[in-house]
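I have placed the structure first, in the form of structure tokens, so that the comments after it can refer back to it.
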Number of protein chains: 2
Amino acid sequence: MTTKEKIISTSLDLFSQFGYDGTSVRQIAREVGVRESAIYNHFSSKQEILKAIFTAYKKESSSAQLLTDDLINELVFPLNFMVNFTEKLIRQWSSKNDRQFLRLLLKEQYRVIEGKRYSVSDMLDETRSIWWMIFDELIKHKFIKEADPKDLANEFIYPLFMIRMEYLFDDSKSNTDAAMEAAQKHVQFFWRAINK
Amino acid sequence: MTTKEKIISTSLDLFSQFGYDGTSVRQIAREVGVRESAIYNHFSSKQEILKAIFTAYKKESSSAQLLTDDLINELVFPLNFMVNFTEKLIRQWSSKNDRQFLRLLLKEQYRVIEGKRYSVSDMLDETRSIWWMIFDELIKHKFIKEADPKDLANEFIYPLFMIRMEYLFDDSKSNTDAAMEAAQKHVQFFWRAINK
DNA sequence: GTCTATAAGGAGATAGAC
DNA sequence: GTCTATCTCCTTATAGAC
């Protein structure tokens with residue numbers, strides 16, 4: 001792990017706990033194990049560190065990567081498909097990185113970084129569009145009841161995201177099981193609602 | 001409006017925009033129209049201002065107060081009841097105060113204030129317990145399908161809260177109509193799922 | 001790439017006059 | 001209750017040696 005990488009991960013850790021304004025460059029330097037001025041050798045300003053965190057997260061965390069080939073082959077069994085996708089999703093959200101990033105995003109989503117603003121809605125949009133497509137297909141092939149696929153996508157992912165907020169917010173890993181249970185309960189409820 | 005009240009409302013305004021650490025006492029004083037030291041005549045510290053905001057909000061904003069007598073009499077028509085409750089809820093959440101408080105809560109929910117911590121879950125609990133009771137009654141009287149009332153409560157309020165986060169986050173009032181439409185779509189979907 | 005040293009200013013908070 | 005004045009500490013950021 002290079003110093004630059006250490007700065008990014010340490011900053012994510014501190015920012016997610018104390019917020020961007022609540023964390024000083026001094027604090028980051030101490031935690032990384034270098035002097036304050038050494039930070040400025042890797043980032044021209046504190047803002048640049050925050051920018052790097054958002055950029056890094058956007059790359060590594062995508063719901064699309066959960067859609068592996070063997071999962072997609074299961075689409076003819078919609079309930080199985082949803083159960084398996086949800087399990088993968090909760091597992092991804094349980095990682096320390098995703099928990100920390102969620103906290104950071106909720107705190108700083110209003111902050112303007114180089115003209116851009118990251119928001120919860122942005123984060124949802126990718127997952128939403130994936131499920132829009134999936135439900136569209138399922139309706140076309142008459143696997144589920146007739147409905148607006150866009151609405152179904154929201155009804156499916158909204159509770160999942162709330163479960164994330166309620167159970168997968170802090171650093172401790174102990175809530176993963178409870179989150180999984182709540183999420184699968186939702187899948188069952190949702191399936192009864194859309195099943196023909 | 002007394003100076004003390006002005007300090008509280010101005011602080012909520014600034015905290016919700018820039019966060020607690022991103023707002024200085026100096027900034028609050030300037031906006032209120034007094035000197036910095038005058039603030040300390042009303043609050044012994046900056047933290048006390050934040051505490052006062054949370055306390056004030058807890059008093060004035062409660063889902064229980066939406067349950068007026070004429071609404072409760074409508075419980076025998078569950079769909080009507082849900083439609084009307086939802087309309088009142090979205091209207092309450094659309095107020096400037098509720099929008100600002102939502103932003104503040106999401107930013108500062110991890111902060112410890114006198115040993116206590118305010119969280120999204122805390123905020124949900126009140127509404128959740130109300131709907132737990134309502135669905136319990138509806139099931140007993142066989143107005144809706146057999147199910148765990150606790151699960152139904154979550155399935156009902158989770159999407160509503162997500163709609164709040166997506167549409168009723170910033171200060172502009174222009175999203176109320178879109179929020180209302182999304183919320184009522186959810187009510188319809190939910191009703192089809194629980195209707196006998 | 002990391003260090004020491006330091007600049008320049010903002011932070012929270014208090015003392016005491018009016 | 002509000003003012004002026006001030007204390008002390010911490011903040012981001014830079015200059016220049018090694």
Where at least one partner belongs to [range], residue pairs that pass salt bridge (charged side-chain N to carboxylate O under 4.0 Å, His left out), sequence neighbours excluded:
range                       : value
residues 141-163 of chain A : A:Asp151-B:Lys185
residues 40-51 of chain A   : A:Glu48-A:Lys51, A:Lys51-A:Glu114
residues 26-43 of chain A   : A:Arg26-A:Glu36
residues 71-81 of chain A   : none

All ring-ring contact (aromatic ring centres under 6.0 Å, His included) counterparts of [X], not counting sequence neighbours:
X        : value
A:Phe169 : B:Tyr110
A:Tyr40  : none
B:Phe101 : B:Phe54, B:Tyr57

Scan residues 2-11 of chain B against DNA chain C and write down, sorted by residue number, each residue with any heavy atom closer than 4.0 Å; if none is found, say none.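 When residues 2-11 of chain B is checked for heavy atoms under 4.0 Å from DNA chain C, there are no hits whatsoever.
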Practice problem: With sequence neighbours left out, write down each residue that passes side-chain hydrogen bond (donor to acceptor under 3.5 Å, both in side chains) with B:Asn175, or none if nothing qualifies. | Solution: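 Residues passing side-chain hydrogen bond (donor to acceptor under 3.5 Å, both in side chains) with B:Asn175: none at all.
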Original post:
Taking the inter-plane angle between the rings of B:His141 and B:Phe143 on a 0 to 90° scale, is it parallel (under 30°), tilted (30 to 60°) or perpendicular (over 60°)?
Top reply: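 Rings of B:His141 and B:Phe143: parallel, under 30°.
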B/S/- along nucleotides 4-18 of chain D (protein heavy atoms under 4.0 Å) is B------BBBBB---
Discussion item. For DNA chain D, report each stem as range with range, ordered by first number, or say none. Use Watson-Crick or G-U wobble pairs under 3.5 Å, at least 3 in a row.
Written reply: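 Stem segments, range with range: C:1-18 with D:1-18.
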Practice task
Let me know the distance between CD1 of B:Ile49 and P of C:dA11, rounded to the nearest Å.
Solution key: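 In whole Å, C:dA11 P and B:Ile49 CD1 are 14 Å from each other.
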| query | Remaining members of B:Met133's ILVMFWY cluster at a side-chain heavy-atom cut-off under 4.5 Å? | reply |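 Same cluster as B:Met133: B:Trp132.
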